[in-house]
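Here's the structure we're looking at; comments come further down.
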Amino acid sequence: MPIIQPPPVSKQLRDEIHKAELMHYFITATMPDKFVGDTGQKILVAAIFSLTLEHHGAILHLLKAGRFDGSAFALVRPLIDGAYRAHWIYSCAKPDIVARIKNGENVYPGLINMATEIEKKIDADGMFASIAPYINALHGYTHGGLEQLGRRFDATGTAVKPNYDDGEKLEAVKATTAHLTALAIAWCQIVSTEPPDKEPLSKTISDHYEAEYPMPPKA
């Protein structure tokens, strides 16, 4: 059974990756370049945000290379999980839970439970709860499940060849960019002394995202 190199990256995917890269760069150029780590919550969220930003850049880099699609997909769940943890820590976690996290304890309630709790605290229009149908698939991509193994062969099953659909890759780029942006908006509000609805940097990032990724009109 021959091992075959993957096909070139399509123009559609290259364009979507470039768009996401520009959003990534806009976020890094706009967000506060320093913060006062005066609470455990801020310190944890800062670390998670930094890691989430790195995961996003890595996913785009790996997909753009055209040879590391599986590795890119393996990072999607860690990015989303990290973003949810950051939102949950700041919006929902009590001080004793924050202290236990800082001590290295795994007290996170899981993706779907975090999503439910976050939705109760902030008006996210169902964004966090929408992850529910995809949790098992995301887990499989990260941990080498059939979601990954079934995409290591060509359509005939006779050659070992990465076989990830462009639609899946486009969705991964869009979803991870959306979650990074939501966390960047929250981060600007967390470190600001202004009320959340008056914080200027979060609004700048939000307005830019909405201009680049307009929502389809509701039916």
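Partners of K42 under the salt bridge (Lys or Arg N to Asp or Glu O under 4.0 Å) rule, at least two apart in sequence or in another chain, are D38. Residues passing the salt bridge (Lys or Arg N to Asp or Glu O under 4.0 Å) test with E168 are R151, sequence neighbours excluded. Partners of K11 under the salt bridge (Lys or Arg N to Asp or Glu O under 4.0 Å) rule, at least two apart in sequence or in another chain, are D15.
Grouped with Y164 in one hydrophobic cluster are F73, Y141, the linkage being side-chain heavy-atom contacts under 4.5 Å among Ile, Leu, Val, Met, Phe, Trp and Tyr residues.
No chain of hydrophobic side-chain contacts below 4.5 Å, direct or via other Ile, Leu, Val, Met, Phe, Trp or Tyr residues, connects M23 to L201.
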Derivation of the side-chain hydrogen bond (donor to acceptor under 3.5 Å, both in side chains) call for S202 and E199: CA-CA 6 Å; S202 60; E199 198 288 311; 2.8 Å; yes
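The shortest heavy-atom contact between E16 and L170 is CB-CD2, 3.5 Å. When all heavy atoms are compared, the tightest approach of G37 to I43 is O-CD1, 3.7 Å. Nearest heavy atoms, C188 versus I205: SG-CD1, 3.8 Å.
Among residues at least two apart or in separate chains, side chain to side chain donor-acceptor pair (under 3.5 Å) pairs with a member in residues 48-57 are H24-H56, H56-T177. Residue pairs that meet the side chain to side chain donor-acceptor pair (under 3.5 Å) test with at least one member in residues 76-86, sequence neighbours left out, do not exist here.
Using a 30° and 60° split on the angle between ring planes, Y209 and Y213 fall in the parallel class, below 30°.
In this structure, CG on L79 lies 6.0 Å from OG1 on T176, to the nearest 0.5 angstrom.
Side-chain atoms of N163 do not come within 3.5 Å of backbone N or O of R152 as any donor-acceptor pair.
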